[in-house]
Protein chains: 2
Amino acid sequence: MTATERLSKRDVNRQETQRLILDAAEKVFAEAGFGGATMQLIADLAGLPKANLHYYFTTKEELYRKVVQNIFEIWLHAADVFDKAPGPVEGIGAYIDAKMEISRRHPEGSKVWASEVMHGAPVIQDYLETTLREWTTGRARLIQKWVDEGKMDPINPEHLLYMLWATTQHYADFGHQIETLNGGKRLGDKQWKEAKENVKRVILRGIGAVT
Amino acid sequence: MTATERLSKRDVNRQETQRLILDAAEKVFAEAGFGGATMQLIADLAGLPKANLHYYFTTKEELYRKVVQNIFEIWLHAADVFDKAPGPVEGIGAYIDAKMEISRRHPEGSKVWASEVMHGAPVIQDYLETTLREWTTGRARLIQKWVDEGKMDPINPEHLLYMLWATTQHYADFGHQIETLNGGKRLGDKQWKEAKENVKRVILRGIGAVT
DNA sequence: TTTAACCCTGACCATATGGTCAAGAAGCGA
DNA sequence: TCGCTTCTTGACCATATGGTCAGGGTTAAA
């Protein structure tokens, strides 16, 4: 089937149902972890009988793997802004903006990823070793270039990347803690803006980035 | 029983066994999450029959709660250096050092904590609302004082604390990812030193801290 | 309309898991 | 040594869970 072909009712239903399941799964995996999540919980949240999940995703692991892959794709896209930038202020600034936005709009995904990595990446170890490694070395090279061009202080690029990941993802992964410390209320528009600007400001100043 | 009293063989065994169980539990909870951990796994790692765990800790939840409380204590102690410092360079610098050291020596605890918070803090919500909140407002006040004294730029103290937690704990929680990107090898002494200095340098410069 | 492929689901199964318990072993004060 | 408390553990149980499957429904091409 090519992309231009008209989708049959069946195909549409198939895609819709799969998306329904994947969305529910992401939420449940984020809230309960892989071990704590049950197919029944996911089925209930999706409003489908459990056996139906097993029709589309043979095992719990397979469903989980698809969820994690989904997240990984989104994150890789967030880095597009990075490459096209002339220097660290634009590049890293835009990257922080993008990742903070994901943390705000898509916190479940971030949590699933964190959980997966924390438990030793049992299902996406190969991604870490291939795609993520390549992505990282590429970005590290770009940062090193900026350093060489005098656009920022000499900083270990890998450690800088870890810092970017840590600070931005923290707002998703530890969102509950932040919310609690914020009087039990989710961060508002103004607070998110402040968070973003704080992270950007501290890091960009911290690495001595110049335009 | 007072502290000066000699401990009987029974008491010593009791403490030793409990510590054995708690250590094993921390490791298993960190590696598998609460849902993925099983009492049998913990028992095997501790080298004890499962029924024995239930003698000391009635339920899995109770054992888990003790593990999380343990970690929380350690973290609170790490903040002692914070208060006694005359300014941000010493205070925040020492705090980063302390937390990085914990991430290195005690990564399992950090992971358990992260997991707990990510899943909505089902068992330590009360701690977040009381002890952690008080701790945070206290430290935020100190930071604000430093700002008012012109010892650092005007930065939102809460967001700065989040940044400190994020960057330091990342080295524990995402240790597996970092290790993979490091060619599958754990960070060496030199790399840990570099990581510490990077974090300190970027943040202290980033907030315009002056001695 | 026929037919074959695809989709849906209630009922079911094997297993794993948290937790219990009774009976015995070990420690300890008198 | 005696007697009481504390500790240890193999065997056991009820339940929850991942996964299966047969049979019925639906779609769409011919």
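Residue numbers start from 1 in every chain, and the chains themselves are labelled A, B, ... in the order their sequence lines are given, proteins ahead of strands.
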Run the side-chain donor-acceptor check on residues 165-174 of chain B: report pairs under 3.5 Å with partners two or more places apart or on a different chain.
residue  : atom : partner  : partner atom : Å
B/Trp165 : NE1  : B/Tyr95  : OH           : 3.0
B/Thr167 : OG1  : B/Met163 : O            : 2.7
B/Thr167 : OG1  : B/Leu164 : O            : 3.2
B/Thr168 : OG1  : B/Leu164 : O            : 2.7
B/Thr168 : OG1  : B/Trp165 : O            : 3.3
B/Gln169 : OE1  : B/Lys99  : NZ           : 2.6
B/Tyr171 : OH   : A/His159 : ND1          : 2.6
B/Asp173 : OD1  : B/Ser110 : OG           : 2.7

Contacts under 3.5 angstrom, residues 33-48 of chain A side chains, donor-acceptor by atom type, not counting sequence neighbours:
residue : atom : partner : partner atom : Å
A/Thr38 : OG1  : A/Leu41 : N            : 3.0
A/Gln40 : NE2  : A/Asp44 : OD1          : 3.1

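The phosphate of C/dC7 (OP1 or OP2) has a side-chain N or O of A/Arg14 nearer than 4.0 angstrom.
Without hydrogens or angle criteria, A/Gln125 side chain to A/Pro122 main chain gives no donor-acceptor distance under 3.5 Å. A donor-acceptor pair under 3.5 Å is formed between the side chain of A/Asn156 and the backbone N or O of A/Glu158.
By the salt bridge (charged side-chain N to carboxylate O under 4.0 Å, His left out) test, B/Lys60 is found to be paired with no residue, residues two or more places apart in sequence or in another chain being considered. Applying the salt bridge (charged side-chain N to carboxylate O under 4.0 Å, His left out) criterion to B/Lys193, with sequence neighbours excluded, gives no partner residue. Residues satisfying the salt bridge (charged side-chain N to carboxylate O under 4.0 Å, His left out) criterion with A/Arg205, sequence neighbours excluded, are B/Asp153. Evaluation of the salt bridge (charged side-chain N to carboxylate O under 4.0 Å, His left out) rule for B/Asp23 yields B/Arg19 as partners, not counting sequence neighbours. Residues passing the side-chain hydrogen bond (donor to acceptor under 3.5 Å, both in side chains) test with B/Arg105, sequence neighbours excluded: B/Glu101.
Where A/Ala51 and A/Gly36 meet DNA chain D, the nucleotide closest to each residue was compared, and A/Gly36 sits on the side nearer the 5' end.
Applying the salt bridge (Lys or Arg N to Asp or Glu O under 4.0 Å) test to every pair with at least one member in residues 118-143 of chain A, sequence neighbours left out, gives these pairs: A/Asp83-A/Arg139. Each ring pair (Phe, Tyr, Trp, His ring centres under 6.0 Å) pair with one or both residues in residues 38-58 of chain A, not counting sequence neighbours, would appear here, but there are none.
Nearest to the side-chain atoms of A/Thr17 among the listed nucleotides C/dC21, C/dC8, D/dT8 stands C/dC8. When the nucleotides D/dG19, C/dT9, D/dG10 are ranked by their closest atom to the side chain of A/Lys50, D/dG19 comes out on top.
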Under 3.5 Å, N/O pairs linking protein and nucleotides 13-15 of chain C:
none

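Scanning residues 54-64 of chain B for heavy-atom distances under 4.0 Å to DNA chain C yields B/His54, B/Thr59, B/Lys60, B/Glu61. For the segment residues 37-48 of chain A, the set of residues with a heavy atom within less than 4.0 Å of an atom of DNA chain D comprises A/Ala37, A/Thr38, A/Met39, in numerical order.
Following rounding to the nearest Å, A/Leu53 (CG) and D/dT20 (P) show an atom-to-atom distance of 13 Å. To the nearest angstrom, P of C/dG24 lies 19 Å from CG of B/Asn52.
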